[in-house]
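Heads up, the thing below is written out as structure tokens.
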Amino acid sequence: MSDDILARLMTVLESRKGAEPGTSYVASLYDKGLDTILKKIGEESAETIIAAKSGDKQQIVYETADLWFHCLVMLAQQNLTAQQVLDELERRFGLSGIDEKKLRDNSK
């Protein structure tokens with residue numbers, strides 16, 4: 001179910017790449033470029049942190065959705081997919097975070 005909504009969102013985000021900036025919020029982000037998209041991710045990240053500190057569960061969910069959405073916009077802008085992120089999470093599943101970090105550090 002969750003990856004279905006991600007796939008649907010990615011399809012919409014891809015379709016907005018060719019849209020006029022005045023017709024779509026996502027198209028306007030693409031038009032403004034990567035720096036604007038990254039700035040939105042930073043803003044949404046801060047808002048998610050503030051929501052979590054407040055303990056307001058509804059606000060936490062709302063802000064996390066905004067953060068995830070803008071991360072998906074960034075992935076699409078970079079010609080990456082949510083599935084690639086899900087595949088990476090799947091690869092890490094069952095692997096200790098400590099062990100995964102050691103593997104990354106040893107590959108540098």
Side-chain angles (χ1 to χ4, degrees):
M1 181 173 73
S2 60
D3 50 341
D4 179 54
I5 189 66
L6 290 176
R8 289 173 33 212
L9 272 169
M10 291 305 295
T11 298
V12 171
L13 295 176
E14 282 296 320
S15 74
R16 298 298 193 264
K17 284 184 175 180
E20 288 294 318
T23 64
S24 159
Y25 172 69
V26 172
S28 73
L29 288 174
Y30 290 148
D31 185 60
K32 292 174 185 170
L34 182 60
D35 286 346
T36 296
I37 295 167
L38 296 176
K39 182 179 175 188
K40 285 300 297 179
I41 291 172
E43 290 170 4
E44 298 302 342
S45 177
E47 290 172 6
T48 302
I49 292 166
I50 292 165
K53 291 288 284 180
S54 79
D56 182 335
K57 294 187 184 319
Q58 184 176 356
Q59 196 64 26
I60 294 167
V61 169
Y62 180 87
E63 295 300 345
T64 301
D66 280 352
L67 175 59
W68 288 10
F69 176 81
H70 287 90
C71 286
L72 292 173
V73 171
M74 181 267 307
L75 288 172
Q77 192 270 347
Q78 294 289 305
N79 297 312
L80 296 167
T81 67
Q83 188 59 53
Q84 289 172 280
V85 176
L86 293 172
D87 291 346
E88 176 60 17
L89 290 171
E90 178 70 25
R91 184 190 71 77
R92 294 180 190 186
F93 196 82
L95 179 64
S96 156
I98 294 170
D99 291 341
E100 197 278 332
K101 184 172 179 351
K102 283 180 188 174
L103 288 172
R104 277 186 290 140
D105 290 345
N106 289 336
S107 70
K108 292 180 182 179

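Side-chain contact between Met10 and Leu13 is present, with at least one heavy-atom pair separated by less than 4.5 Å. At a threshold of 4.5 Å between non-hydrogen side-chain atoms, the residues Thr48 and Trp68 do not count as touching. The closest side-chain heavy-atom distance from Leu34 to Met74 is below 4.5 Å.
Annotation: ring pair (Phe, Tyr, Trp, His ring centres under 6.0 Å) contacts of Tyr62 (sequence neighbours excluded): none. When the side-chain contact (heavy atoms from CB on, under 4.5 Å) test is applied to Asp87, the partners found at least two apart in sequence or on another chain are Gln83.
Side-chain atoms of Gln84 come within 3.5 Å of backbone N or O of Thr81 as a donor-acceptor pair. The backbone N or O of Val12 sits less than 3.5 Å from a side-chain atom of Ser15, completing a donor-acceptor pair. Put simply, the side chain of Lys32 never gets that close to the backbone of Ala27: no donor and acceptor are under 3.5 Å apart.
Of all heavy-atom pairs between Pro21 and Ser28, the closest is O-CB, 3.5 Å. Minimum heavy-atom separation, Lys17 to Tyr30: CG-CE1, 3.5 Å. Among all heavy-atom pairs drawn from Glu63 and Ala51, the shortest one is CG-CB, 4.0 Å.
Distance check, rounded to the nearest 0.5 Å: CD1 of Ile60 to CG of Leu67 gives 13.0 Å. Atom CD of Glu90 is separated from atom CD of Glu88 by 10.5 Å, given to the nearest 0.5 angstrom. How far CG of Leu38 is from CG of Leu29: 10.5 Å, rounded to the nearest 0.5 Å. Distance check: Ile41 CD1 to Thr36 OG1 gives 11.5 Å after rounding to the nearest 0.5 Å. Remark: Ser24 OG to Asp31 CG distance equals 10.5 Å, nearest 0.5 Å.
Counting non-hydrogen atoms of neighbouring residues, nucleotides and ligands closer than 6.0 angstrom, the CD atom of Gln58 reaches no more than 12 such neighbours.
Ring planes of Tyr25 and His70: perpendicular class, angle over 60° (limits at 30 and 60°).
Criterion: ILVMFWY side-chain heavy atoms under 4.5 Å apart, direct or through other members. Under it, Leu89 and Leu80 are part of a common hydrophobic cluster. Both Leu86 and Phe69 are assigned to one and the same hydrophobic cluster, defined by single-linkage of ILVMFWY side chains at heavy-atom distances under 4.5 Å.
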